[in-house]
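Report on one structure; see the data block that follows.
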Amino acid sequence: MVPCAEQQAPSRVRRLAVREAERAQPELLATRHDRACEDRRVWVMPLPDGMAELAAVLPAAVAYGIHDRLTQMAKAHADAGANQASGGLDQRTTAQRTTGQRTIDQLRADLLSELLLRGAPAAHDTPDGLLAAITARVDVTVPVLTLIDEGATGDAVDPASGTAAAVTAAQVPAELDGRHPIDPATARILAGQATAWNRVLTDPITGGVLAVDRYRPGEDLKRLLAARDSRCRFPGCGIKARELDLDHTHDAALGGTTESANLAGLCRRHHTLKHHSWWKIQQTGAGALEWTSPTGRRHTDRPPIPATSISSFANKPPPF
């Protein structure tokens, strides 16, 4: 070791020292490795600024293999983006062209996140695919003003605006699992769109829990709505239930609840019309929808009467 240390760089000496120390171990490496594998684990450590560290203890071959695969995927992604930018039709979005290139470290992190959140454990799954069906589930606690403030204008909150609502919404962060602060923009996305997060709405003054729900309705609620809204609920539209979107009458991103009193089945055309035109809609009770046209005219659409309803003349002899 001494002659090597006199002639080689420290990094090379370190590798040689590790090799020699391994040879001097009284116990075989295979035995020690089997014992060490019992301690493999994954854990999360919170970091400042709405970040967290995901760490894992794995066999060295697996860990280096994961890192190498992520590196290859990151480089391939970067090369593909560079080729699109340099020649031919640039298929990137405006945001991708204007925000600059991500570093390899950033791409590795993004790819790891997508693989773990969306991938399926093929080698460990059950014949019925039960493990692949499991999705991440985390509670996101959102002060109501965090949803209300930006939802109206789409602009960021300015604490200097002078209004109590703006200052409160800007200063009270949302939280993951009731302990890890996240930025308001992420909270709005999770509360209004993501399918694998439970939304916990809290009073911004007292901190009390107001409601807990999810963006996507459960299977029982889907069956109830499919039975109630057997056709599109836009006046005059008759598209059948299986082709409808379940739409939040009051936008979920603005605090709308996921319940039958705030959901209605709309075909894709009228779902788009609701969100991208001057048509307005509100639920008036018992599943009835009141549509207001751009000219101010109101149209009421009530749930279709099921075939099992009993008419008042059902037991009368003909002629009715």
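Atoms considered below: every heavy atom in the structure, side chains included; atoms not considered: hydrogens, waters and symmetry mates.
Here the closest non-hydrogen pair linking A288 and P303 is N-CD, 4.1 Å. When all heavy atoms of L263 and L221 are compared, the closest pair comes out as CD1-CD2, 3.6 Å. Of all heavy-atom pairs spanning A52 and V44, the tightest one is CB-CG1, 4.0 Å. Of all heavy-atom pairs between R233 and A264, the closest is CG-CB, 4.4 Å. Nearest heavy-atom pair across C267 and L244 is N-CD2, 3.5 Å. Nearest approach of A78 to L107, heavy atoms of both residues: CB-CD1, 4.1 Å.
Residues D105 and R108 have side chains in contact (heavy-atom distance under 4.5 Å, counting atoms from C-beta outward). When side chains are defined from C-beta on, S230 does not count as touching K240, because their heavy atoms never get closer than 4.5 Å. Side-chain contact between L266 and D229 is absent, with no heavy-atom pair separated by less than 4.5 Å. In this structure the side chain of R231 never reaches within 4.5 angstrom of the side chain of I239, judged on heavy atoms. Annotation: side chain of W43 is not in contact with side chain of L54 (no heavy-atom distance under 4.5 Å). Contact annotation: the side chain of H77 never approaches that of M73 to less than 4.5 Å [non-hydrogen atoms, C-beta and beyond]. Residues W279 and T292 are not in side-chain contact: their nearest non-hydrogen atoms beyond the backbone lie 4.5 Å or more apart. Residues K222 and L225 are not in side-chain contact: their nearest non-hydrogen atoms beyond the backbone lie 4.5 Å or more apart.
Remark: side-chain polar atoms of R40 are paired, donor with acceptor, to backbone N or O of C37 under 3.5 angstrom. A donor-acceptor pair is defined here as one N or O able to donate and one able to accept, closer than 3.5 Å; such a pair exists between the side chain of Q106 and the backbone of T103.
Here the CD-CG distance, from E114 to L111, works out to 7.0 Å after rounding to the nearest 0.5 Å. To the nearest 0.5 Å, the span separating NE2 on H248 from NE2 on H275 amounts to 10.0 Å.
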Which atom pairs, one a donor and one an acceptor, fall under 3.5 Å between side chains of residues 61-69 and the rest of the protein, sequence neighbours left out?
| from | atom 1 | to | atom 2 | distance (Å) |
| --- | --- | --- | --- | --- |
| D68 | OD2 | Q72 | NE2 | 2.5 |

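Taking the side-chain contact (heavy atoms from CB on, under 4.5 Å) definition, one finds that I281 meets it with T249, K274, L289, W291, sequence neighbours left out.
Heavy atoms of other residues, nucleotides or ligands lying less than 6.0 angstrom from CH2 of W278 number 12 at most. Atom CZ of R302 is surrounded by 12 or fewer heavy atoms from other residues, nucleotides or ligands within 6.0 Å. Under a cut-off of 6.0 angstrom, the local environment of CG in D49 is sparse, with at most 12 non-hydrogen atoms contributed by other residues, nucleotides or ligands.
Looking at N262 and H250, their side chains never bring a donor and an acceptor atom within 3.5 Å of each other. In summary, the side chains of H270 and D247 do not present any donor paired with an acceptor at a separation below 3.5 Å, with no hydrogens or angles considered. Side chains of H299 and S293: no donor on one and acceptor on the other come within 3.5 Å.
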Assess whether side chain to side chain donor-acceptor pair (under 3.5 Å) is satisfied between S260 and R228, documenting all intermediate values. CA-CA 9 Å; S260 60; R228 188 195 73 181; 5.0 Å; no

Evaluate side-chain contact (heavy atoms from CB on, under 4.5 Å) for F234 paired with L273, printing each intermediate quantity in order. CA-CA 10 Å; F234 186 84; L273 180 77; 3.6 Å; yes

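Cluster annotation: L117 is not connected to L70 through the hydrophobic network of ILVMFWY side chains, with a link wherever side-chain heavy atoms come within less than 4.5 Å.
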